[in-house]
Structures are given as structure tokens and as C-alpha cells.
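Every value quoted in this text rests on a predicted model; they were computed, and no experiment measured them.
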Amino acid sequence: MKIGVLASQGAFAEHIATLHRLEVDTTPVRLTRHLTSLDGLIIPGGESTSISKLMLGYDLMDEIRNLAKNGLPILGTCAGMILLAKKIPDSDTEPIGVMGITARRNAFGRQKDSFETDLSIPVLGEKPFPGIFIRAPLIEQVNDGVEILARLADYTIVAARQEKLVAAAFHPELTDDMRFHRYFLDIVTGDR
Ligand code: GLN
């Protein structure tokens with residue numbers, strides 16, 4: 001199994017480190033040729049506008065969109081989640097746009113720009129998952145066919161799955177808890 005991590009901008013090194021700890025073969029993706037023979041792709045957090053521009057500039061946008069449409073498993077975290085969304089209200093950023101969710105950017109206001117909270121994520125088991133939110137988006141709406149994986153205590157949706165696409169508003173690569181990455185790898189191998 002080989003998992004690519006989009007390495008245009010943002011927190012890609014942390015995802016690569018987590019995959020190494022899970023002993024998964026991984027490659028940073030900066031050019032279209034890095035997309036060949038991948039079993040899955042991670043789009044990290046960072047600045048969604050910059051990542052989108054870099055993807056367009058390096059011809060990665062259409063390639064990744066087509067791979068997603070052809071069933072490549074993709075995990076998008078934070079800015080990566082925004083880029084998976086079909087809709088980003090009040091934003092000119094071009095998303096990959098393959099997941100039936102609406103992602104509201106910088107949704108948590110100033111004081112709560114960044115926070116950490118225990119999340120209940122039923123697909124990961126009973127133990128709470130440490131949710132690290134950094135100028136995080138939220139999922140405002142989900143279309144049919146999208147499974148909600150996690151909500152905050154006030155019911156805000158913060159993680160979802162659509163077939164082999166997984167989106168999280170938080171940063172699972174910044175905790176020692178590797179269950180979210182394992183969950184994605186189980187989707188890649190077809191065990192979930
Ligand atoms: N605020 C960023 C954006 O809108 C996302 C933040 C993150 O990825 N940590 O793109």
C-alpha cells in the first residue's frame with residue numbers, strides 16, 4: 001500500500017510522520033507524476049486558498065479530481081476538508097469539489113480560533129478522540145450519501161465520509177492517537 005500526501009503547503013510533514021509510525025509506504029505529492037500508483041491520498045491542513053492555487057499551478061487539480069471520481073480514497077483534514085467540499089460559502093477558492101458537503105471556513109470565531117476537545121467518533125470506538133481545531137472549518141450541510149462521523153457537543157458536524165472520501169475539520173495528525181489514520185487506511189484496504 002502506498003499513500004500520497006499532498007505537499008504543496010501546510011501540515012503535510014505531520015501526516016507523513018504519522019504514516020511512518022504506522023509503517024505505511026508514503027510519498028509527498030508535489031507534481032502530477034507523484035500521483036501514479038497511489039492507493040490513497042491525504043490532503044492536509046494549511047491555507048485552503050494557497051493549496052488550491054498551487055494545485056491549479058502544478059496541474060494537480062484536474063488529476064486529483066479525476067482520481068477521486070474514479071474511487072481513489074482521499075482523507076482531507078481542515079483545509080483539506082474545505083478542498084474536498086462541493087460548496088465553500090463566501091469563498092472564491094476553487095475546491096476539488098467531490099464531496100457532497102458544505103464547508104464553512106474559519107467557522108469558530110476569534111476567541112475559539114483554536115481549541116482542543118474530546119470528540120465522540122463512534123466508528124473509532126468508545127474512547128474519545130483528541131480533536132485539535134486550528135482556525136477550523138465546520139460542515140454546514142451534508143448531502144444524501146454522506147455519513148456523519150463526528151459532531152461537537154452542540155451538534156456541529158466536524159467529520160464525514162462519502163464512500164472512500166473522508167473529511168475532518170480537525171487535525172488527527174497532531175495527536176499521538178492514530179485511530180483516525182487507521183480508519184482511513186481500513187477504507188483504503190476495503191476493510192471498512
Ligand atoms: N483556516 C484555514 C482555511 O480556511 C484552514 C485552517 C487549517 O487547515 N488549520 O483554509
Side-chain angles (χ1 to χ4, degrees), residues 1-6 10-26 38-46 48 68 71-86 96 98-104 107-108 112 114-192:
M1 165 162 63
K2 190 161 115 189
I3 305 293
V5 180
L6 184 67
F12 53 87
E14 292 81 355
H15 277 291
I16 291 172
T18 303
L19 292 171
H20 282 161
R21 283 165 62 209
L22 288 164
E23 296 179 0
V24 174
D25 191 10
T26 172
L38 291 184
D39 299 297
L41 177 67
I42 296 180
I43 304 182
S48 51
L72 181 75
I74 303 181
L75 166 62
T77 60
C78 205
M81 174 183 107
I82 296 169
L83 291 166
L84 284 178
K86 284 199 173 151
I96 304 164
V98 285
M99 206 170 161
I101 59 173
T102 301
R104 168 77 56 184
F108 291 97
K112 290 169 91 185
S114 302
F115 60 99
E116 197 171 336
T117 188
D118 276 351
L119 287 175
S120 156
I121 307 184
V123 293
L124 301 185
E126 274 184 19
K127 194 178 136 205
F129 188 85
I132 298 177
F133 294 79
I134 303 170
R135 286 175 52 79
L138 62 73
I139 299 175
E140 209 164 65
Q141 191 229 317
V142 299
N143 295 353
D144 287 349
V146 176
E147 178 190 358
I148 293 168
L149 298 179
R151 292 180 187 267
L152 297 177
D154 68 0
Y155 297 107
T156 302
I157 304 168
V158 291
R161 170 182 179 178
Q162 174 191 300
E163 294 174 3
K164 290 181 181 291
L165 305 175
V166 180
F170 49 92
H171 285 265
E173 78 286 7
L174 297 182
T175 78
D176 290 334
D177 190 328
M178 298 192 285
R179 283 179 295 157
F180 205 85
H181 284 80
R182 280 208 190 92
Y183 170 72
F184 175 62
L185 296 175
D186 282 347
I187 290 174
V188 172
T189 55
D191 292 322
R192 289 265 205 169

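Smallest separation of non-hydrogen atoms from Ala107 and Pro137: CB-C, 4.2 Å. Heavy atoms only, all atoms of each residue included: Pro130 and Asp177 are closest at CD-OD2, 3.6 Å. Nearest heavy-atom pair, Phe184 versus Ile42, reported as atom, atom and distance to 0.1 Å: CE2-CG1, 4.1 Å. The minimum heavy-atom distance linking Lys164 with Gly190 is given by the pair NZ-CA, 4.4 Å. The two atoms that bring Gly45 and Cys78 nearest to each other are CA-CB, 4.0 Å, heavy atoms only. What you find for Leu38 and Gly4 is that their closest heavy atoms are CD2-N, 3.6 Å.
Summarising the geometry, atom CD belonging to Glu116 is positioned 4.5 Å from atom CD1 belonging to Ile132; distances are rounded to the nearest 0.5 Å. Rounding to the nearest 0.5 Å places CG of Leu75 at 12.0 Å from CG of Leu6. In this structure, CE in Met99 is found 5.5 Å from CD in Gln162, a value given to the nearest 0.5 Å. From Leu152, atom CG reaches atom CG of Asp118 across 11.5 Å, with rounding to the nearest 0.5 Å. One finds the CE atom of Met178 at 10.5 Å from the CZ atom of Phe129 (value rounded to the nearest 0.5 Å). Here CZ of Phe180 is found 9.5 Å from CG of Leu119. Values are rounded to the nearest 0.5 Å.
Formation of a donor-acceptor pair under 3.5 Å by the Arg179 side chain with backbone atoms of Lys127 is found in this model. In this structure, Glu14 contributes its side chain and Pro44 its backbone to no donor-acceptor pair below 3.5 Å. Looking at Thr175, its side chain never comes within 3.5 Å of a backbone N or O of His171 through a donor-acceptor pair. Under the 3.5 Å distance criterion, the side-chain polar atoms of Asp39 are left unmatched by any main-chain donor or acceptor of Ile3.
Proximity of Arg21 to His181: side-chain heavy atoms (C-beta onward) are nowhere separated by under 4.5 Å. By the 4.5 Å heavy-atom criterion applied to side chains, Ile157 and Leu138 are not counted as neighbours.
Atom CG of Asp144 has 12 or fewer neighbouring heavy atoms from other residues, nucleotides or ligands inside a 6.0 Å radius. Other residues, nucleotides and ligands place no more than 12 heavy atoms under 6.0 Å from the CD atom of Glu163. More than 12 non-hydrogen atoms from other residues, nucleotides or ligands lie less than 6.0 angstrom from CG of Asp191.
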Start with the C-alpha distance between Ile139 and Met81, add both sets of side-chain angles, then the distance that settles side-chain contact (heavy atoms from CB on, under 4.5 Å), and finish with yes or no.
CA-CA 9 Å; Ile139 299 175; Met81 174 183 107; 3.5 Å; yes

Quick one, Val123 with Glu147, criterion side-chain contact (heavy atoms from CB on, under 4.5 Å). Give me CA distance, side-chain angles, the key distance, then yes/no.
CA-CA 11 Å; Val123 293; Glu147 178 190 358; 4.0 Å; yes

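Using cut-offs of 30° and 60° for the angle between ring planes, the Phe133 and Phe108 rings count as perpendicular.
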